[in-house]
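So you know, we letter chains A, B, ... as the sequences are listed, proteins then strands, and number each from 1. Model, not experiment: these values are computed from the prediction.
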Amino acid sequence: MPEPTVTVPFDVYRYDPGRDAEPRYQRYTLDLTPHTPVLTALLRIRAEVDPTLTLRYSCRSAICGSCSMQINSKSRLACETHVGPELERHGRIVVEPMRNQSVLRDLVVDQTPFWRHYYEVEPYLKLDPAHPMPEGKPTSMTPAEVDRFMETPRCIACAACYSACPAVEADAGFPGPMALAKLYRFAVDPRDTAHQDRLLRIQPNGLWLCLRCHLCTDACPKGVRPSERIRDLKEMAIAAQGATEQGSRHAVGFKESIRRAGVLNEMQLTRRTYGLFGLLGQLRQGLRIMRKKPEVIRRPHPIEGVEELERIYEALDSGPEARK
Amino acid sequence: MRIAYYPGCVAQESGKELDRATRWVCRALGIELVEFPNFSCCGSGFVDEANEVLNVAINARNLAIAERSGLNVLTICSTCQGMLSLANRRLNDPTIKARVDGALKPLGIDYRGTVTVKHLLRVLTEDIGLPAIRAKVRRPLNGLKVGAFYGCHLLRPADEMQWDSGEEPHSFEDLLDALGATPVYYRGRVMCCGFPIQFVKSETAAAISGRQILEAKSHGAHAMATPCPLCHISLDAYQNKAEKAVRQPLDMPVFHLPQVVGLALGATPEELGLDRHLVPVDDALARVRPAVA
């Protein structure tokens with residue numbers, strides 16, 4: 001018996017910047033089985049209803065990463081998103097191009113910045129010319145070494161993470177989750193000889209603009225978890241170079257504030273992050289807030305048992321930044 | 001119900017109104033808050049950036065304090081919620097567990113992993129339940145359109161979330177509906193407030209918070225409400241910066257979660273610390289309780 005069909009309304013973003021004054025949404029209604037992928041539906045619209053609908057796709061198997069788009073406001077691969085659950089949740093299916101990239105036409109975006117950030121992290125193994133890999137012999141890694149970056153090679157460069165990232169949206173200088181996850185993959189590869197250089201070059205606009213909001217990790221169709229790898233890179237950068245800029249100074253300063261009192265000393269941390277001179281720049285806003293919330297300048301009482309924290313730090317935080 | 005109260009740093013200092021409103025609401029709903037003066041800060045995501053295992057250890061210490069009393073933990077901050085539950089998850093990794101135990105056991109701290117960390121939003125919607133809350137509403141928030149703003153660490157990573165839905169959450173909107181308010185759905189409700197980079201690049205942080213406030217406003221919200229005091233700092237205390245970033249006035253009052261509950265349950269604005277906000281909430285209050293001539 002054939003699977004019963006449901007009537008699915010699609011609202012598809014249509015825009016040709018060369019011809020249209022502004023984007024519009026076009027309604028198409030199809031009868032489909034709930035398991036139909038959104039991509040199949042769009043290709044049917046293009047074949048049977050509207051040959052001008054423009055989209056990118058290739059493998060139809062969630063391998064090539066071409067058909068990423070916004071489906072009901074979430075970055076998804078159209079080939080693996082079924083119409084049934086979307087319809088159930090939203091009552092219709094709104095299809096839009098990926099965010100954070102300019103639209104070339106309809107659902108096709110200009111990926112140039114995305115790829116530029118990717119190439120800037122030099123996503124390939126860098127070897128020391130003095131110690132080339134032995135020719136004809138495999139270079140072995142331990143399973144534990146491989147485990148450190150097992151997730152990241154799964155990336156299919158679909159840009160779902162880039163589209164979902166609020167830091168990219170607000171700051172074009174931020175490389176985005178995918179490029180940083182790729183950077184991580186090489187920064188922990190034991191065969192790579194440019195670890196320090198990689199960490200050094202990515203700052204300051206790179207790591208520390210990550211909001212750790214995990215929207216990239218949720219968006220990734222391949223389970224790469226970029227936000228968690230960016231966290232790893234931050235810890236590696238601090239271990240390698242110390243707290244050299246505002247983002248890392250804040251993280252290390254926060255850590256030390258907890259060591260001393262068990263709770264945050266807002267005033268002290270602000271001074272540490274900005275430096276005394278930078279603190280003056282914050283004065284006006286600080287005074288504004290203080291009028292309503294005078295506690296911001298108060299030194300909090302240490303918690304009971306703060307000496308336990310000192311012992312925990314002694315056991316686990318012996319890095320070069322520990323006592324600064 | 002009895003639960004270990006984990007107020008977090010902000011609610012004890014610059015966000016005292018959140019602590020005040022929480023205590024009022026919990027009293028009204030019969031939630032007994034058990035306090036522990038030895039709880040430390042959760043690290044707010046910043047300690048995690050500097051040293052992952054250390055961050056797990058300080059939070060395992062916090063969780064062990066509650067465990068010794070046989071209590072679960074109540075948080076009132078999305079970030080505290082995220083960090084404490086992250087510690088629970090990370091302790092499933094035997095390597096991390098061994099290092100954390102190595103630091104805690106010499107102090108006589110042995111965390112067995114039995115504590116559930118619950119945000120107030122979850123306790124209200126799951127443990128107390130919407131029918132019980134609805135029955136206690138004394139001042140329905142009819143006519144007030146409220147945009148919930150969840151805060152990242154309450155929702156994500158979504159695949160590790162134990163309740164509601166990280167991708168399409170509805171608990172806050174359901175609660176607002178129970179209070180008589182009209183929830184406003186907008187994309188930004190699950191987005192980031194920009195707080196983590198406030199100290200790195202304040203203009204970018206302001207652009208991010210400005211975008212969310214503007215979107216709530218364009219969907220008709222009279223006010224926003226958040227279960228996270230860090231989001232509250234971005235959305236309220238730094239709203240003037242957000243206005244500069246989006247080049248227009250926003251005038252968006254922002255409530256803490258228990259303030260909006262307390263208001264509906266009959267608390268006075270003073271009892272909820274509403275006078276401590278940077279953006280006045282008067283216009284929103286006027287919609288709830290018409291001024292008596």
Side-chain angles (χ1 to χ4, degrees), chain A residues 73-74 89 166-167 169-171 174 204-205 208-215 217-218 225 227-228 231-232 234-235 238 245-248 250-252 254-255 257-258 262-264 266 270 273-274 285 288-289 292-293 295-296 298 300 303-306 308-309 311-313 315-317 319 321, chain B residues 9-10 12-16 36-41 43-54 57-58 61 99-100 102-104 106-107 109 152-153 155-159 166-168 187 190-192 194-197 199-201 204-205 207-208 211 237-238 240-241 275-278:
Chain A
S73 296
K74 299 276 191 255
R89 220 183 264 172
E169 188 171 16
D171 197 316
F174 182 59
N205 246 358
W208 300 100
L209 280 182
C210 166
L211 295 148
R212 51 184 150 79
C213 66
H214 300 300
L215 280 158
T217 291
D218 275 11
R225 310 187 82 80
S227 53
E228 294 175 3
R231 190 223 67 83
D232 293 342
K234 286 173 174 170
E235 185 169 342
I238 291 173
E245 54 195 298
Q246 242 155 260
S248 47
H250 194 72
V252 171
F254 203 107
K255 186 184 74 183
S257 182
I258 306 310
V263 283
L264 176 64
E266 291 179 66
T270 308
T273 303
Y274 287 111
Q285 184 73 2
R288 219 185 129 258
I289 295 173
K292 292 281 186 177
K293 299 167 182 281
E295 302 83 3
V296 287
R298 203 170 63 186
I303 60 160
E304 280 180 21
V306 69
E308 287 177 355
L309 288 177
R311 299 264 308 274
I312 295 170
Y313 273 64
L316 294 174
D317 196 45
E321 272 304 309
Chain B
C9 297
V10 177
Q12 295 179 78
E13 297 294 333
S14 65
K16 265 190 169 24
F36 294 93
N38 47 346
F39 273 151
S40 80
C41 168
S44 191
F46 294 107
V47 175
D48 184 44
E49 290 178 329
N51 185 334
E52 180 183 33
V53 177
L54 176 71
I58 62 174
R61 176 185 168 278
R99 290 190 63 199
V100 169
L104 295 187
L107 304 172
I109 301 170
C152 298
H153 298 276
L155 304 175
R156 288 182 290 270
D159 56 358
E167 287 210 328
E168 302 283 351
R187 173 179 172 263
V190 297
M191 296 292 284
C192 180
F195 181 82
I197 59 166
F199 302 91
V200 180
K201 204 168 180 187
T204 306
I208 292 169
R211 197 184 295 268
Y238 283 82
N240 60 327
K241 302 271 186 192
D275 53 331
R276 289 172 51 90
H277 292 204
L278 273 286

Heavy-atom proximity to chain B below 4.5 Å, by part of [X]:
X        : value
A:Glu266 : side chain
A:Ile258 : side chain
A:Glu235 : both
A:Tyr274 : side chain

Counting heavy-atom pairs under 4.5 Å to chain A, which of [options] comes out on top?
options                               : value
B:Arg61, B:Lys201, B:Lys241, B:His277 : B:Arg61
B:Ala158, B:Pro106, B:Gly102, B:Ala57 : B:Ala158
B:Gly45, B:Cys192, B:Ser14            : B:Ser14
B:Met191, B:Glu167, B:His153          : B:Glu167
B:Ile208, B:Val190, B:Asp48           : B:Asp48
B:Asn240, B:Asn38, B:Leu155, B:Val53  : B:Asn240

Leading residue by heavy atom contact count with chain B [cutoff under 4.5 Å; candidates [options]]:
options                      : answer
A:Ser227, A:Gly247, A:Ala251 : A:Ala251
A:Lys234, A:Arg311, A:Lys292 : A:Lys292
A:Leu215, A:Asp232, A:Leu264 : A:Leu215
A:Asp218, A:Val296, A:Val263 : A:Asp218
A:Ala315, A:Ser257, A:Cys213 : A:Cys213

Can you check whether [X] reaches [Y] side chain to side chain, under 4.5 Å on heavy atoms?
X        : Y        : result
B:Pro196 : B:Glu49  : no
A:Arg231 : A:Arg212 : no
A:Ile303 : A:Leu309 : yes
A:Pro166 : A:Leu211 : yes
B:Ile58  : A:Tyr313 : yes
A:Glu228 : B:Pro157 : yes

Chain A heavy atoms under 4.5 Å from [X]: which part of the residue, side chain, backbone, both or neither?
X        : value
B:Cys9   : side chain
B:Tyr238 : both
B:Arg99  : both
B:Asp275 : backbone
B:Glu168 : side chain

Which residues pass the side chain to side chain contact (heavy atoms under 4.5 Å, CB included) test with A:Glu295, sequence neighbours left out?
A:Lys293, A:Arg298, B:Glu13, B:Lys16, B:Arg276
Where do [X] and [Y] come nearest, in terms of heavy atoms and distance?
X        : Y        : result
A:Ala167 : A:Leu209 : CB-O, 3.5 Å
B:Asp159 : A:Arg225 : OD2-NH1, 2.7 Å
B:Ala237 : A:Arg288 : O-NH1, 3.2 Å

How are the rings of B:Phe46 and A:His250 set to each other: parallel, tilted or perpendicular (split at 30° and 60°)?
perpendicular
Donor-acceptor pair, A:Thr273 side chain versus A:Thr270 backbone, under 3.5 Å?
no
